[in-house]
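Being a predicted model, the structure only gives us computed values, none of them experimental. Throughout, a chain's letter reflects where its sequence line sits, starting with A, and its residues are numbered from 1.
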Amino acid sequence: MKWISPWRLKKLGILGMNARNRDFIGRYNARHLYPLVDNKLKTKLLTEEYGLATPALRLVVSEQHAISHIEQQLYDLDGFAIKPAKGSGGKGILVITGRHGDKFVKSSGAEIGIEEIRRHMSNTLAGLYSLGGKPDVVIVEDLIEFDNIFDGYSHEGVPDIRVVVFKGYPVMAMLRLATHASDGKANLHQGAVGVGLDIATGRCLKAVQFGLGVTLHPDTKKPLNEIKVPDWRDMLVLASRCYEMTGLGYIGTDIVLDKSRGPQLLELNARPGLSIQVANGMGLVPRLRQLEKLKPRQHKTPEARVDYVMKAFAEPLPDDPAIGVAAKTA
Amino acid sequence: MTQSRVPFYLIVAGLVIAGLATAWARHVEMELPFFPGERRPVWLVEARVDFQALNDEVLVSLDLPDNPPGFRIHTEHATSPGYGFSIIEQDGDRRGEWSKRRADGPQTLYYKVQLIGGVPESKSGPAETEEASPPTARSIFWEEPQETAASQLLAQALSTSSTPESLTRELIKRLNRPSSDQNASLLLESVGSRSRLLERLLNQANIPARQVMGLFLEDARRRQTLTPMVEAYSGEEWVLFNPDTGEQGVPDHLLLWHRGGESLIDVTGGSNSGVSFSMIRQSVPAEELAVAQFTSSAFALLGVQQLPIEEQSMFKMLFLLPLGALVVVFMRIIVGLKTSGTFMPVLISLAFLQTSLFPGLISFIVVVSLGLMLRSYLSHLNLLLVARIATLVVLVIFLISMLSLVGYQLGFSAGMTITFFPMIIIAWTIERMSILWEEEGPREVVIQGGGSLLVAVMAYLLMKLPLANHLSFNFPELNLVILALIMVMGQYTGYKLSELRRFRAMALEQEAASEANKP
């Protein structure tokens with residue numbers, strides 16, 4: 001079967017892109033708040049102001065001439081991530097895990113010289129990675145030390161957790177695991193594995209790669225249904241607090257688990273994608289509509305909201321993450 | 001869902017109604033055709049006046065058609081060497097006057113008029129409505145014994161009729177059987193012409209009537225003469241009767257040349273005058289006709305046909321753009337096709353309009369792929385973005401010039417049309433594609449590039465339709481309907497076609513699960 005009927009999709013409660021853009025992003029996200037999330041520098045400063053856990057900002061490069069004497073500052077850092085402030089979809093992110101002599105070691109293990117870093121920064125400033133090619137700013141931040149809990153689950157790069165937050169309530173969550181096919185990137189359409197997580201427990205509900213269910217990690221062959229994210233409630237609270245911080249009603253929060261510092265907010269997205277539904281094997285619409293019906297100030301704190309959803313959106317665990325729960329109960 | 005959608009749909013309905021109503025009004029008022037290539041028949045009628053000049057001042061006055069029912073005058077002019085010509089309007093009656101200080105010998109004057117046929121009756125009658133008071137019958141005097149004959153004939157006809165029309169028909173019937181009616185034959189003998197007798201009898205019966213001269217239009221006829229007819233006033237309007245056949249009303253192809261008023265032709269300073277007519281049927285594009293005819297109409301001010309040709313062609317392109325935008329909106333929102341650059345495909349399709357499809361497609365693909373190759377070298381040079389795009393623009397210009405020159409030398413004149421491609425857009429396309437290639441791989445480049453080309457080709461095919469061209473240029477207000485469609489699509493929150501495929505796994509798994517649960 002190559003297609004699915006629209007009625008079937010509707011019955012499954014799948015949120016389509018048009019409905020997302022019009023009924024949720026258009027309605028709950030005020031346009032003037034977008035820069036807060038589209039510009040990672042602004043997000044970072046705001047996050048630090050609100051005291052949310054996030055990798056520390058080390059360096060901001062906003063002028064081309066500053067690049068020429070960047071090396072000393074970079075040599076002082078062990079590992080760092082270079083990001084364009086206005087990048088999208090993970091474009092232009094360069095992760096340096098350490099140094100080997102004069103060379104910097106990328107997360108993939110490849111070594112690059114300072115010249116290549118300069119070139120990358122120069123491109124970023126010129127707007128190569130920004131939306132619309134507008135001039136950009138480079139930010140350099142601390143490297144995340146992955147929690148060992150995900151060892152063997154990620155081929156390269158950071159396994160991050162995407163939580164969609166609607167009006168401050170975490171609605172759906174997934175863990176994104178880089179694979180060989182995705183070239184270390186955590187983007188699902190590039191071949192990363194998406195693992196749907198139970199909102200109540202942080203356990204695996206379902207796993208997909210390229211839109212199809214998988215049981216084992218394609219590279220490491222570790223069974224995906226053993227995944228249980230630790231510090232789950234803290235993570236949800238962190239995601240939930242982004243609502244007060246930004247004022248945006250419908251956002252995607254990208255969170256990583258640091259070995260020593262716990263959940264860290266990496267970035268926010270005002271137009272979170274829809275593949276989280278595929279990863280969870282269920283649609284967003286019923287949950288979103290349920291939250292829309294709540295009274296405006298029913299739960300006053302992030303903690304109260306998280307407790308509400310942990311009860312409301314709990315799902316039974318599946319036998320096989322390739323099939324998922326929603327399918328079983330349907 | 002909370003906010004009411006009523007105002008939105010009111011706006012949309014308003015746009016649709018405004019667009020359609022304006023188009024309809026222009027269609028009706030200006031007779032702009034809705035379909036391209038529509039032609040309308042035009043009669044070219046030539047009146048030829050011959051007379052012998054008496055070596056004296058000459059003044060020739062010819063009655064000209066004057067809002068003839070069923071026709072409208074498109075153009076008219078007179079050719080007559082050495083004569084001054086003017087059209088004089090008096091009491092709603094138009095006459096053409098030729099004048100010359102001194103003329104001798106046989107003279108020939110021509111008056112040509114182009115008439116548009118098939119004009120609805122209601123619009124041909126301003127002359128009649130202008131008449132403030134209804135016409136009155138003139139009094140008729142007969143000598144004996146005609147007086148008695150006329151009275152008897154009338155009395156018989158009156159007894160078998162009730163209205164002016166039926167009376168006229170009765171009279172014609174009797175006049176056409178003079179052998180069986182002595183009164184009729186007597187009167188015909190004394191009056192001479194049947195139409196003149198009929199006119200007199202009607203006036204005697206206190207029904208205003210007048211003699212008119214009509215011309216039966218037949219293609220490629222020469223030396224025709226006018227047919228005398230009678231118009232009787234029914235109390236509301238003039239009704240035409242053919243005294244020979246008794247036919248009532250104006251037949252198709254009958255041009256009423258002379259209606260009431262004075263004589264058909266007056267010649268001062270000449271003798272032996274005569275008028276003959278030749279006619280030929282032509283066909284003229286309806287669009288041209290409408291544009292030429294209503295230059296002063298308020299609706300014409302809305303059209304762009306009054307502009308110089310150069311500006312017109314610019315507007316022609318401009319008015320096609322909404323259609324292209326509609327295609328893009330449809331393909332992106334409803335189908336969910338990925339394109340590189342939102343409206344880039346529309347610009348490409350506009351270029352296709354100039355180059356025609358296949359040469360355009362081929363040259364576009366060639367230019368973009370060559371550009372991609374050059375760009376991959378540029379990425380090693382580590383240029384700043386703006387400089388890199390500028391370099392690409394210059395390279396694209398060179399590429400296009402080279403291709404068109406090579407094409408020209410090889411004998412493909414189509415090669416020259418590559419220059420219609422928007423260079424800046426192509427440079428940006430190459431840049432975007434190249435980044436896409438580096439980040440997402442060649443597959444995505446093919447998907448997005450193919451999507452863009454598909455949308456461009458669809459927009460091109462739609463814009464190429466003669467009907468679309470015709471409507472968008474002649475009825476630019478129809479773009480309001482397109483606007484309404486775009487706005488309605490902007491409200492669409494259903495699934496895209498591509499999402500039905502994207503989420504197909506959801507169905508697959510359900511099936512797999514239900515299979516597994518069955519045993």
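Applying the side chain to side chain donor-acceptor pair (under 3.5 Å) test to pairs two or more places apart or on separate chains, those with a residue in residues 319-338 of chain B are B/Arg332-B/Thr339, B/Lys338-B/Glu444.
The environment of B/Met317 atom CE is dense: over 12 non-hydrogen atoms of other residues, nucleotides or ligands sit within 6.0 angstrom. Atom CE of B/Met314 sits in a crowded spot, with more than 12 heavy atoms from other residues, nucleotides or ligands closer than 6.0 Å. For B/Phe8, the CZ atom sits in a packed shell: over 12 heavy atoms of surrounding residues, nucleotides or ligands are nearer than 6.0 Å.
Side-chain contact check for A/Leu12 versus B/Phe503: every heavy-atom pair is 4.5 Å or farther apart. Two residues are said to be in side-chain contact when any heavy atoms from C-beta on lie closer than 4.5 Å; B/Arg388 and A/Asn123 meet this criterion.
Of the atoms belonging to B/Arg443, not a single heavy atom falls under 4.5 Å from chain A.
Most heavy-atom pairs under 4.5 Å with chain B, from the set A/Arg22, A/Met17, A/Glu292, A/Arg119: that is A/Arg22. Contact tally against chain B (heavy-atom pairs below 4.5 Å) for A/Leu9, A/Leu15, A/Leu125: the top residue is A/Leu9.
Partners of B/Glu499 by salt bridge (Lys or Arg N to Asp or Glu O under 4.0 Å), not counting sequence neighbours: none found.
Shown here for B/Thr493 and A/Asn18, the closest heavy-atom pair between the two residues is CA-CB, 3.8 Å.
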